[in-house]
Number of protein chains: 2
Amino acid sequence: MRLTDQEFNRVLVLKKLRASEPVARTDLVGLTGLTGGTITAITADLVRRGIVIEEKVATSGPGRPRVNLRINPQGRYVVGTTPTNEGELLTEIVNLRGESLGFAKAALTRDTTIEGLARQFITALEQALAEWDVPREEIYRIGIGIPGIVNNRTGIVEHIISLDSGPVDFGGIVGEALGVATLIDNSTNLLARAEHWYGAAAHADDFTLINIDLGIGAALYRGGQLVTGVHGMAAEFGHTKVVPDTGRACYCGGIGCLQAYCSVQSIMEQSCAQLGRPLPDFDRMNAAFDGLMAEQAAGRIDIGPILEQASHYLGVSVANHITMQDPEAVVILGPKFTMIEELRSIFFDALERNTFPALRRRTRLHFKLGDKGAYARGAAAMVLEQIYRCS
Amino acid sequence: MRLTDQEFNRVLVLKKLRASEPVARTDLVGLTGLTGGTITAITADLVRRGIVIEEKVATSGPGRPRVNLRINPQGRYVVGTTPTNEGELLTEIVNLRGESLGFAKAALTRDTTIEGLARQFITALEQALAEWDVPREEIYRIGIGIPGIVNNRTGIVEHIISLDSGPVDFGGIVGEALGVATLIDNSTNLLARAEHWYGAAAHADDFTLINIDLGIGAALYRGGQLVTGVHGMAAEFGHTKVVPDTGRACYCGGIGCLQAYCSVQSIMEQSCAQLGRPLPDFDRMNAAFDGLMAEQAAGRIDIGPILEQASHYLGVSVANHITMQDPEAVVILGPKFTMIEELRSIFFDALERNTFPALRRRTRLHFKLGDKGAYARGAAAMVLEQIYRCS
DNA sequence: GAGGAAATTTTAGAGATTAAAATAATCGCC
DNA sequence: GGCGATTATTTTAATCTCTAAAATTTCCTC
């Protein structure tokens, strides 16, 4: 659905304000290309709603002093919640600046249905809210990140891997039980929203986020909006093929998926096979991976070739993506192995050699360790993006 | 640049009208989601400008009979012109329905500069116009397709392979010499525009065009608009890697580019090497390829494995693209080898096996032989897309 | 405390869109 | 041949957003 000019302009003002705060109205004129009168009208509305606050600024020259605008840290509180691969439910309350005001972690028991998962969400959320002592009416939205296929307009979860499939009105169920409106999206999309509003891509309208965890997820922003694909399943970056036909098998049934080389799970599989160790359980995998990395750093094992191969193929895949899409930036959230200088240089080497020459070194690249608060920030970002759409 | 709501709606009406003509105003209400009054206003403007004509329709039931609308075949004439790999300049005059009213072909002499090429364009265009006996003032726009990097807003050509590089105001030079305004774009983009307005993607806002010629070009439509990438160089599909590290070398300097397997040039290189024949000149390559295909069909040579490999890797690449982008349709314009049933099934096999399972068989695929009139239709499409932007 | 400068707000006007009412054009039927 | 039913299109009145320009605010400097 295309945004109207009005929605677009309002979100534009909010984005520029967020990305450059504190900022005066005059600056927003330049940043947005709108006229002063329009900025006055839009910011007045934002101030009236309590989303933005004014802030006197120490004056310095002649003329009427500028009034700085900022996102109101007490304006709206948003709860973000996501299940992790470790079988936990992370819940965090943030303000619209993306600042955390409370964090909770609950254990999830293995469930077989999506409805069962929803019930666990409800219990955990109720507990977290009680713990933080936040009255419900102070919570503006609950943002839910789902590691699966979601319709972010209807709140309906279509599919979560290893759970009974079938559409479930997840957002509706959780929202009704808690008496708070929900927003729902794929968890990788939340990470991308967080980067777009609060992170490395705060000034980029066309960027790609790649999240390396047990699996590999990606999300695309184009023209300042998240791209979902006609079936809502774009950006399955982990399942693009880097070694077609002859490569490693992937759980998706394909051969040579990037995910079969570069995900934490596949690195663990290869490493455990090499070392003759048993593969840890799914929910211990990330911890075991950290342990392995420590052993590797200490020189007690040598899984160097596996990590090098992972870095190499990540470079190849990102190169292909850049060649095809020419984005402004690529943000790679990853586990520690992406932080090792030597592996990083293997990545960059593969990236450079495999990118179409005219596009080499022209794309901004950011590496970050994934932080768990990002999901809640993503939920807050979703509120900011949709604030003029659902009211 | 984002279109205003007004521009967007006008182009939307024109698109729906074009894609479903003849069509009554009532239908456009349903097709566009706009109200009757707005449709009246917009179509009145289109009729006033002579772009659209009304057409009485034989009545059939009760009620006021509908008035059908059609693109006026005498509304605007657009000349499209593109150089080919065979060293010719194809020039064609079409109306806004994309129907050809005249065609001309001129030989280009090898040039070393972009300016020189522009001069040859001018001569050839003058000759074609004289031949067709069309007065200049009847020509609305000259649309120029450039096999290189172009800024379609400014008309400036940044780079054409094997010509002296450096920005040249190609559109300005040609337009001034002929006294007709020009529109300019990359030639693959013109093909995509032609498909979007007149071809297989006339109802798709999110599709990908792949053109297989001596090289491989691609263009992406997203949300009904051509995607160019932040550096204007998106969609270098031919230079994404299908056999990284160990594959065939590509002229771009990369290893394992799709182009090194699937382009006409690479198939010719492999075939000639196998058969011990000399590689034909660049401008004879396509003809020689057709000859080779005939020999193959007659069973006089066996380049089957080369063609099979090409088809296979094309399938892998398209699969990766679908996995990453989830488009509505992919249109593949190609030379004859894409029309051979057996090769097609190799393609589909590779496509299916390498597409992310949830996206298999959900993307519409069109195979077409490239026709040379497509460039002129693309120029006409560019006029339709920009008719509310440059007046 | 008057004048200057820069930021912001106000005002008036232009356009686009919508919903609803009005009008137009035809058919079927008596 | 005229009347009412029916569907298509146009008109009207109101709303809304944005812009440009003028007015106002607020502080600094002299």
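FYI, side chains are in, hydrogens and waters are out, and symmetry mates aren't considered; it's all heavy atoms of this structure. The sequence lines fix the lettering, A, B, ..., with proteins before strands; numbering per chain opens at 1.
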Problem - Atom pair distance, as rounded to whole Å: CG in L69(B) and P in dA8(D) - result: 13 Å
Handout entry: Cationic N near anionic O, under 4.0 Å, D185(A) to R193(A)
Key = yes
Practice task
Find which nucleotide of DNA chain D each of T38(A) and T43(B) is nearest to by heavy atoms, and output the residue with the more 5' nucleotide.
Solution key: T43(B)
Handout entry: Phosphate OP1/OP2 of dA16(C) contacted by N9(B) side-chain N/O (<4.0 Å)
Key = no
Practice task
Taking all heavy atoms of A204(B) and all of R364(B), pick out the closest pair and write down the distance.
Solution key: CB-NH2, 4.3 Å
Handout entry: Heavy-atom check, side chain of R141(B) versus side chain of V79(B), under 4.5 Å
Key = no
Problem - Pair Y388(B)-D45(B), side chain to side chain donor-acceptor pair (under 3.5 Å): steps then yes or no - result: CA-CA 11 Å; Y388(B) 285 106; D45(B) 183 57; 3.1 Å; yes
Handout entry: From V52(B), I39(B), I53(B), residue fulfilling side chain to side chain contact (heavy atoms under 4.5 Å, CB included) relative to L69(B)
Key = V52(B)
Handout entry: NZ/NE/NH1/NH2 to OD/OE distance under 4.0 Å, E54(A) and R25(A)
Key = yes
Problem - Contact list for DNA chain C against residues 11-37 of chain A - heavy-atom distance below 4.0 Å - result: A24(A), R25(A), T26(A), G36(A), G37(A)
Problem - Pair R222(A) + D205(A): basic N to acidic O under 4.0 Å - result: no
Problem - Six-ring centre of F8(B), R2(A) cation under 6.0 angstrom, axis tolerance 45° - result: yes
Fill in the blank from the handout: B/S/- along nucleotides 23-30 of chain C (protein heavy atoms under 4.0 Å) is -BBBS---
Handout entry: Euclidean distance, atom CG of residue L3(B) to atom P of dA16(C) [Å, nearest integer]
Key = 14 Å
